[in-house]
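Letters A, B, ... mirror the listed sequences (proteins, then strands); counts begin at 1.
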There are 2 protein chains.
Amino acid sequence: MKDTSKEHFIEYLSQISQISPESKEAIFNLCSFVSINKNKNLQSIGQTCKTIYFVQDGAARIYYYKDDKDVTEYFAFENDLIIRAESLFTGKPSHKAIQAIYDTIFISIPAKPLFELFDQHHDIERLFRKVVERSYVDTINRLESLQFYSAEERYKSLIEKSPTVVRDIPLKYIASYLGITQVSLSRIRANFS
Amino acid sequence: MKDTSKEHFIEYLSQISQISPESKEAIFNLCSFVSINKNKNLQSIGQTCKTIYFVQDGAARIYYYKDDKDVTEYFAFENDLIIRAESLFTGKPSHKAIQAIYDTIFISIPAKPLFELFDQHHDIERLFRKVVERSYVDTINRLESLQFYSAEERYKSLIEKSPTVVRDIPLKYIASYLGITQVSLSRIRANFS
DNA sequence: CTGATTATTTAACAAATGTAAAAGGAATTG
DNA sequence: CAATTCCTTTTACATTTGTTAAATAATCAG
């Protein structure tokens, strides 16, 4: 049963970029599952990120503290990549943590052997290049929304783009994700909806 | 003279990730120069981005209009990559433009033949994977600063990180880059400096 | 089920940032 | 170098968002 989950995951990946059966097997052999209970950390602040995760089932977030306040930087749902890129790609410790929002199962791929696979399997490197490109585009779009859209516009566009987030995720996390306080988000919700 | 500039550029690239002499030559043959006068666009709004640029000499920015107001999303200086990634990686038209801030020379690499080079030259694909990873990390860091840092904090950290920007770039561009108005930036400058 | 905890909303006020308009400086052009 | 245009600052006021605290509402554990 766990193996079929892995196979589904590999299928999902190969839709992003075609990979050979051997490459599929090589990735398959690196994948393992990690279960994390609600509100527990998968990765803690201060660790250097050396693992790539995808959400298999559940939801997770990346967060950090700014002036003792919890700030959510990113949400991940089924099949979503969740990495602390600024640590993984630089080798520096991360000031961010990864936390399960519900009881969540992650697929875990250790970075070092994965990067070694890149040497033998050009198609795997290409796949992960495209995975990173997607995340990059998502981040650019979020940057644009934070740069010059009002809190209300940002909230409305989140509802449109990911209704599930607004329905299922605690508002305190959503507020900081939008770059505002809970109180401010409550006000916005009171005016429209 | 132009050829030595190209060679310098290729050297710069190969410091990011080692590439073979053949790969260097293949990239070399794809590179060309484009000169753009101050305040002129290198790429216009509405175009789909099909070219990768690096700044050879001068400076440039990516901008778009939000409610008829000019918003600078990104600055690029010597050796910096400048692409409208959300268009290049998705094939959709971009609502952003690339503009020379001074008279500027760009190195231009057409995306299609470059992506074709990826097939024969694994090391070139790796190089550009790393280039994109760097941009991704930069964008994540900017996202963090916009998400929960005050305008004043953002301005101060820009001074620290890129004093040249604050010294050389018109303030009207810097203000929107920081996600604030010119008036607000003037106020911040009046209080500290 | 009940008390305790946690999440969300509301209220009142403070601070930050936006808007519009005018004034002063700097740069550019004829 | 004079005139024009563009850039930056300042002012006054409006709006948005933040802060603190209290009141509800929802969830969780025993």
**Student:** For A:Y173, is the NZ or CZ atom of A:R61 found under 6.0 angstrom from the centre of its six-membered ring and inside 45 degrees of the ring axis?
**Tutor:** yes
**Student:** Please report the distance, rounded to the nearest Å, between CG in B:L185 and P in D:dT10.
**Tutor:**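 Going from CG in B:L185 over to P in D:dT10 covers 12 Å.
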**Student:** Considering only side-chain heavy atoms of B:V183, which listed nucleotide, C:dT28, C:dT9, C:dA20, is closest?
**Tutor:** C:dA20
**Student:** From the options C:dG18, D:dG18, D:dT10, select the nucleotide whose nearest atom is closest to the side chain of A:S184.
**Tutor:** D:dG18
**Student:** D:dG18, C:dT8, C:dT17: which one has an atom nearest the side-chain heavy atoms of B:R187?
**Tutor:** C:dT17
**Student:** Have a look at B:E152 and say if it touches a base, only the backbone sugar-phosphate, or nothing, with a 4.0 Å heavy-atom cut-off.
**Tutor:**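 Counting heavy atoms under 4.0 Å across all strands, no contact is made by B:E152.
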**Student:** Expressed as a whole number of angstroms, how long is the span from A:Y155:OH to C:dT8:C1'?
**Tutor:** 12 Å
**Student:** Counting side-chain heavy atoms from CB outward, which of C:dT17, D:dT8, C:dT8 is closest to B:A151?
**Tutor:** C:dT17
**Student:** Send over the distance from A:Q182 CD to D:dG18 P, rounded to a whole Å.
**Tutor:** 11 Å
**Student:** Relative to B:F118, does A:R126 satisfy both conditions: NZ or CZ under 6.0 angstrom from the six-membered ring centre, and within 45 degrees of the ring's axis?
**Tutor:**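 Not satisfied by the 6.0 Å and 45° rule.
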**Student:** Could you tell me the separation between the CD atom of B:E153 and the P atom of C:dT17, rounded to a whole number of Å?
**Tutor:** 9 Å
**Student:** Consider the side chain of B:S150, meaning its heavy atoms from C-beta on, and name the nucleotide among D:dG18, C:dT17, D:dT9 that approaches it most closely.
**Tutor:** C:dT17
**Student:** For A:R154 and D:dT17, give me the distance from atom CZ to atom P, rounded to whole Å.
**Tutor:** 7 Å
**Student:** Is A:T181 near enough to D:dG18 that one of its side-chain N or O atoms lies under 4.0 angstrom from OP1 or OP2?
**Tutor:** yes
**Student:** Rounded to whole Å, how long is the line connecting atom CG of B:N39 with atom P of D:dC7?
**Tutor:**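 The answer, rounded to whole Å, is 8 Å.
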**Student:** Is it the case that one hydrophobic cluster holds both B:I83 and A:V137, taking links as side-chain heavy atoms less than 4.5 Å apart, direct or via other members?
**Tutor:** yes
**Student:** Which whole-number value in Å describes the distance from A:Y173 OH to C:dT6 P?
**Tutor:** 12 Å
**Student:** Roughly, in whole Å, what's the span from NZ in B:K172 to P in D:dC6?
**Tutor:**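 Rounded to whole Å, this separation is 9 Å.
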**Student:** Name the residue closer to the 5' end of DNA chain D, choosing between A:I180 and B:I169 according to the nucleotide with the nearest heavy atom.
**Tutor:**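 The residue closer to the strand's 5' end, by nearest nucleotide, is B:I169.
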**Student:** Would you check if the distance from the ring center of B:F54 to the ring center of B:F9 is below 6.0 Å?
**Tutor:**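 Distance test on ring centres: under 6.0 Å, yes.
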**Student:** Give every donor-acceptor pair under 3.5 Å between a side-chain atom in residues 157-167 of chain B and any protein atom, sequence neighbours left out.
**Tutor:**
none

**Student:** Would you indicate which nucleotide in D:dT8, D:dT19, C:dG18 comes nearest to any side-chain atom of A:K69?
**Tutor:** D:dT19
